[in-house]
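Computed from a predicted structure; not experimentally measured. Order of appearance sets the numbers: ligands from 1, and atoms from 1 within every ligand.
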Amino acid sequence: MVPLPVPPSVTAILLDIEGTTTPITFVKDILFPYIQDNVEEYLHKHWHEVECQEDVRQLRLQAEKDSGLEGFVPIPSSTDDEAELQVIRGVVDNVLWQMSLNRKTTALKQLQGHMWRSAYATGKVKGEVYDDVVPALKKWKEANLKLYIFSSGSVEAQKLLFGYSIEGDLLELFHGHFDTTVGSKVESESYKRIAEKIGCSTENILFLTDITREAEAARTAGVHVALAVRPGNAALTDEEKSEYQLIPSFAQLQLPMT
Ligand SMILES: CSCCC(=O)C(=O)COP(=O)(O)O
Ligand SMILES: [Mg+2]
């Protein structure tokens, strides 16, 4: 295992989830099918609740932006009671359409986070993390590094995954969580905003992710980056392999003075 020295300027480690702390298969084979199988029932059950109506309002706002996209599925806008079933059907179809494209819209991610609550709370689902993750996070925290998550999954979804993980409640390891409300993961500005919110410079942050476009955006902002190479992640080109530091395991990161 080739050690990767953490630059001495780094005081915070920012972590992606899917493909970095957690297998892509957990998201694709467990979390997403849970939404696809339960979204219709969930909407019927919670339709008149404030939170659910706010989720639907956000999905409608997103749908207005998406109307020009190929295959776009609209959400009917009737308030008539009789049409309620049709509106719910429209929301279901819109959610399934967005998921078929693996969209990362904030509206979709908020609804998903709310839906996963009961899956985790009832023990139907437990958040998966790779074996090397918890020992490394503990070591980094002991070395006074601050640990943050940046995922397209909503902050609530992130907290559920780590709060109800196969390794127990891991939330105390993290100083904070960021989602797409701070901006897209493929835009440099998002990383500058995160640094501002943490109260540090971008060069004080090391971002670990499996996606080259995210790494590139972070690097452009002045953030240090390394690419997580995990089983089942998308294959990297030779150019990507030569351009980025690669880490198959968090154990590879070597802290200064260790
Ligand atoms: C943390 S919730 C489940 C993951 C999810 O919905 C997602 O879109 C993963 O995105 P990431 O930015 O962690 O790759
Ligand atoms: Mg990822």
Side-chain angles (χ1 to χ4, degrees), residues 13-39 55 58-59 62 95-96 98-121 124-130 133 137 147-167 169-171 173-174 176-187 190-191 194 206-219 223 225-236 240 244 246-248 250:
I13 299 189
L14 183 64
L15 299 155
D16 163 62
I17 296 180
E18 183 186 7
T20 301
T21 62
T22 297
I24 288 179
T25 48
F26 172 66
V27 178
K28 291 242 159 77
D29 299 343
I30 295 176
L31 288 183
F32 286 177
Y34 178 88
I35 302 295
Q36 288 151 340
D37 293 346
N38 292 287
V39 61
D55 286 346
Q58 294 299 333
L59 286 166
Q62 183 61 46
V95 165
L96 296 179
Q98 286 201 57
M99 291 187 69
S100 73
L101 300 174
N102 196 17
R103 308 237 11 242
K104 306 282 187 182
T105 66
T106 303
L108 174 65
K109 296 292 159 187
Q110 290 298 328
L111 173 71
Q112 289 177 336
H114 295 148
M115 285 187 62
W116 286 321
R117 249 182 228 147
S118 76
Y120 283 105
K124 230 182 235 175
V125 168
K126 274 191 194 301
E128 284 181 30
V129 287
Y130 286 107
V133 170
L137 298 189
L147 310 180
Y148 297 88
I149 296 292
F150 184 23
S151 169
S152 302
S154 68
V155 166
E156 177 159 5
Q158 299 171 19
K159 289 184 175 172
L160 288 166
L161 193 154
F162 291 110
Y164 295 96
S165 90
I166 50 172
E167 308 249 12
D169 183 351
L170 304 175
L171 288 176
L173 293 169
F174 301 107
H177 297 257
F178 298 98
D179 61 20
T180 53
T181 56
V182 83
S184 158
K185 293 176 78 185
V186 295
E187 283 168 14
S190 310
Y191 299 87
I194 287 175
L206 170 64
F207 178 47
L208 307 181
T209 182
D210 60 319
I211 304 290
T212 317
R213 282 182 70 210
E214 297 174 4
E216 185 54 38
R219 193 163 67 172
V223 166
V225 297
L227 282 181
V229 180
R230 301 292 200 176
N233 284 4
L236 299 170
E240 288 168 330
Y244 291 96
L246 308 179
I247 48 162
F250 284 5

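- Using modelled atom types and a 3.5 Å distance limit, the side chains of T106 and T180 yield a donor-acceptor pair.
- Using a 4.0 Å cut-off to heavy atoms of S152, the atoms of ligand 1 that qualify are 8 (O), 10 (O), 11 (P), 12 (O).
- For the pair R219 and E216, the salt-bridge criterion is met [side-chain N within less than 4.0 Å of a carboxylate O].
- Side-chain N or O atoms of S190 include one that pairs as donor or acceptor with a backbone N or O of S184 at under 3.5 Å.
- Within ligand 1, the atoms closer than 4.0 Å to a non-hydrogen atom of F32 are 6 (O), numbered from 1 in the order shown.
- Using modelled atom types, one finds no donor on one side chain facing an acceptor on the other under 3.5 Å when comparing T105 with Q62.
- In this structure H177 satisfies the ring pair (Phe, Tyr, Trp, His ring centres under 6.0 Å) test together with F174, sequence neighbours excluded.
- With values rounded to the nearest 0.5 angstrom, I149 atom CD1 is found 8.0 Å from L14 atom CG.
- The ligand atoms of ligand 1 that sit less than 4.0 angstrom from a heavy atom of A157 are 2 (S).
- Taking the Mg ion (ligand 2) as reference, D16 places its N/O/S atom OD2 nearest.
- For residue D210, an N/O/S atom approaches the Mg ion (ligand 2) to within less than 2.8 Å.
- Of the listed residues (T209, T20, L108, L31), the one carrying the non-hydrogen atom nearest atom 3 (C) of ligand 1 is L31.
- Residue-to-ligand polar distances place K109 within reach of ligand 1: an N/O pair is separated by less than 3.5 Å.
- Judged by distance alone, the side chain of N233 and the main-chain N or O of V229 form no donor-acceptor pair under 3.5 Å.
- Atom 13 (O) of ligand 1 has as its closest protein heavy atom S151 OG, 2.7 Å.
- At under 3.5 Å, not a single nitrogen or oxygen of E214, backbone or side chain, sits near a nitrogen or oxygen of ligand 1.
- Taking atom 9 (C) of ligand 1 as the reference point, the nearest protein heavy-atom neighbour is E18 OE1, 3.1 Å.
- Remark: ligand 1 and D16 share an N or O pair separated by less than 3.5 Å (distance only, no angle test).
- Minimum-distance N/O/S atom of E18 relative to the Mg ion (ligand 2): O.
- In this structure, R103 forms no cation-pi arrangement with F32, as its terminal cationic atom is not both closer than 6.0 Å to the ring centre and no more than 45° off the ring axis.
- Around the CZ atom of R213, the shell of radius 6.0 Å holds no more than 12 heavy atoms that belong to other residues, nucleotides or ligands.
- The distance criterion of under 3.5 Å between nitrogen or oxygen atoms is met by K104 with respect to ligand 1.
- Residue contact check: I17 has heavy atoms under 4.0 Å from atoms 1 (C), 13 (O) of ligand 1.
- With sequence neighbours excluded, the residues that form a ring pair (Phe, Tyr, Trp, His ring centres under 6.0 Å) with Y191 are F150, F207.
- From the protein, the heavy atom lying nearest to atom 12 (O) of ligand 1 is K185 NZ, 2.5 Å.
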